[in-house]
*Asks:* 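One structure follows; several queries about it will come next.
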Amino acid sequence: MASLSGLYSSSPSLKPAKNHSFKALPAQSRDSFSFPHTSKPTNLPLTLSSARSVARDISHADSKKELLKDPDALWKRYLDWFYQQKELGLYLDISRVGFTDEFVAEMEPRFQAAFKAMEDLEKGSIANPDEGRMVGHYWLRNSKLAPKPTLKTLIENTLDSICAFSDDIISGKIKPPSSPEGRFTQILSVGIGGSALGPQFVAEALAPDNPPLKIRFIDNTDPAGIDHQIAQLGPELASTLVVVISKSGGTPETRNGLLEVQKAFREAGLNFAKQGVAITQENSLLDNTARIEGWLARFPMYDWVGGRTSIMSAVGLLPAALQGINVREMLTGAALMDEATRTTSIKNNPAALLAMCWYWASNGVGSKDMVVLPYKDSLLLFSRYLQQLVMESLGKEFDLDGNTVNQGLTVYGNKGSTDQHAYIQQLRDGVHNFFATFIEVLRDRPPGHDWELEPGVTCGDYLFGMLQGTRSALYANGRESISVTIQEVTPTSVGAIIALYERAVGLYASIVNINAYHQPGVEAGKKAAAEVLALQKRVLSVLNEATCKDPVEPLTLEEIADRCHAPEEIEMIYKIIAHMSANDRVLIAEGNCGSPRSIKVYLGECNVDDLYA
Ligand SMILES: O=P(O)(O)OC[C@H]1O[C@](O)(CO)[C@@H](O)[C@@H]1O
């Protein structure tokens, strides 16, 4: 086995690399931040703007080379910008991001405005103007901040009822009606987006090896995926608590998941209502269904908590508590981080430091992607969780003044060191379109479990070495990185990093002047999907009419499109037919579906009732 020193010897040395593309001094205008800092082949003619961009890169690369040549200066930069939240044992290192003092000074007024906006938001301003809503996820971990006493009471009562309900489920006081086990053993969580990603991340990060209830997720309308989850439960369906989560209560994927699960319950002769729990806004479709059908329990979601920041509401807390995770500690960790990120000094505010680095690294226009690399298996889903938090919040067409800005920040990542054997080759040597965030966890294993797999070296030392080696290798090749360090993966530290990123996203949105709390783009896709399903119904009706003729009249795609009065939708009609035909639906497609021009379609049977519908 290679020794650790051997491992390092194959790493690139810390010498200045060619083709740096670090930034120089910040440009003065908003406009000048819009030049992506990708390295450009120098044999191509340079436009004025790209020449300016390259000039900034070269100038900054020079200062970076200086730092690389001078470890003392780098260490000083490390110490100068090192942030620590003592109570949480959380550190932030931004020394490997190349911002300058001038840049920090330039950002100061924007940050002061962002801090003020955040203060107003926490006091209950309408921080989501498009939807006319307050944004109150910070109140969930400090109910005293809620702008009205009724909200404070609601938050506290909900938390108490979550804890009491989960205690009763775990202890067996509340039993499934027909399970031989006599207690609930499984959770089947049905929800999507913010109604799944938080619970998934928390389960992966914090659930004990043998939780009182194991959790599974249906987070899509993929029938095979749903079947798989139900099949995996097998006879344990009888002891499964089905937690249906949807803030709006009308999301189609979640509704479909619920209907499929209810069908499975019927087929197994089980009473779904006695095992169903709803987490949703009062009087939503889901809430009304649960109330009318008499489900086991209902927990509230609030108008003022967005899906992607709902992890500290019943959405995240109930599934966590049912798995035996200490949700009050999660809330404490988040509250401590909230406190730390309220300071209006950029240098002492870890969320502001993150937002500032994101701005620097991506020129404030998302020109570079954020690669999130937790070196800890249990944090595997953090990047997926952040994808929604960051991209749904920041990916916006218009700014708050109505200007077209097409903002965003792309997030991806999986975990280290696994990714070192996948895409880190490109990060080190390939297209320079990213900055990295390392998440470091100092504690490798619970105390007393460690052992040395070779003299002086543990498995965790290797993981540590891989992280540090990758950070150095990236930096040596001009690739910027942030490091967030926590002591251990605990409910407190997980609560803290969630709160850290929530606040960083909010501040970043302010400094780029966008609404972080709406998602108009998602609606466009949902609307288009509904139109496809409406078109499918028209296609079926046209085909039914042709099938009911004597003799049956098989139709070409053109004929179907004409009769649907949608000639412009012929491609979609073809796709609808190909999909239905692949699924053995009533439809018969003569010819080869791979050759759209050749096919003629009719239905397997004529439905006379539909003719007059
Ligand atoms: O909780 P709901 O209302 O079902 O929504 C699920 C997800 O869908 C979105 O609205 C996007 O469609 C997300 O913002 C949200 O987290």
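In listed order, ligands and their atoms are each counted from 1. We count residues from 1, following the sequence as given.
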*Asks:* Is it true that the side chains of T485 and E440 contain a donor and an acceptor less than 3.5 Å apart?
*Replies:*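 Checked: T485/E440 side chains pair up, N/O donor to acceptor below 3.5 Å.
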*Asks:* Give the residue, atom name and distance (to 0.1 Å) of the protein heavy atom nearest atom 5 (O) of ligand 1.
*Replies:*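 For atom 5 (O) of ligand 1, the nearest protein heavy atom is T251 OG1, 3.5 Å.
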*Asks:* With atom 1 (O) of ligand 1 as the reference point, say which of G249, S310, S195 has the nearest heavy atom.
*Replies:*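 It is S195 that holds the nearest heavy atom.
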*Asks:* Starting from atom 6 (C) of ligand 1, which protein heavy atom do you reach first, and at what distance in Å?
*Replies:*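 The answer is I192 O, 3.2 Å.
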*Asks:* Do E523 and ligand 1 have an N or O pair less than 3.5 Å apart?
*Replies:*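 Among all N and O atoms of E523, none is under 3.5 Å from an N or O of ligand 1.
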*Asks:* Which of the atoms of ligand 1 are close to Q388, meaning less than 4.0 Å from one of its heavy atoms?
*Replies:*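 Those atoms are 13 (C), 14 (O), 15 (C), 16 (O).
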*Asks:* Which heavy atom of the protein is the closest neighbour of atom 11 (C) of ligand 1, given with residue, atom name and distance?
*Replies:*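 Heavy-atom neighbour on the protein nearest atom 11 (C) of ligand 1: V522 CG1, 3.3 Å.
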*Asks:* Can you check whether D287's main-chain N or O pairs, donor with acceptor, with S284's side chain at less than 3.5 Å?
*Replies:*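 Flag set: sc S284 to bb D287 pair under 3.5 Å.
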*Asks:* Does any N or O atom in G194 lie less than 3.5 angstrom from one in ligand 1, N or O only?
*Replies:*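 Checking ligand 1 against G194, an N or O pair does fall under 3.5 Å apart.
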*Asks:* Please determine, by modelled atom types, if T153 and T150 share a side-chain donor-acceptor pair under 3.5 angstrom.
*Replies:*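 There is no such pair between these side chains.
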*Asks:* Among all protein heavy atoms, pick the one closest to atom 10 (O) of ligand 1 and tell me residue, atom and distance.
*Replies:*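 Protein heavy atom with the smallest distance to atom 10 (O) of ligand 1: K526 NZ, 3.9 Å.
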*Asks:* What do you reckon, does S248 have a nitrogen or oxygen under 3.5 Å from a nitrogen or oxygen of ligand 1?
*Replies:*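 Yes, since at least one N or O of S248 sits under 3.5 Å from an N or O of ligand 1.
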*Asks:* How about R298: does its CZ atom have over 12 heavy atoms from other parts shown lying under 6.0 Å from it?
*Replies:*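 For R298, atom CZ is crowded (more than 12 foreign heavy atoms under 6.0 Å).
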*Asks:* So, do Y423 and Y412 have ring centers that fall under 6.0 Å from each other?
*Replies:*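 Aromatic pair counts; centres sit under 6.0 Å.
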*Asks:* I need the D338 CG to H137 NE2 distance, nearest 0.5 Å.
*Replies:*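 Nearest 0.5 Å value for the CG-NE2 distance: 8.0 Å.
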*Asks:* Can you tell which of T418, D419, N414 makes a side chain to side chain contact (heavy atoms under 4.5 Å, CB included) with L373?
*Replies:*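 The option that passes is D419.
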*Asks:* Could you name the option among E392, K247, R255 that has the heavy atom nearest to atom 14 (O) of ligand 1?
*Replies:*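 Residue with the shortest heavy-atom distance to the ligand atom: E392.
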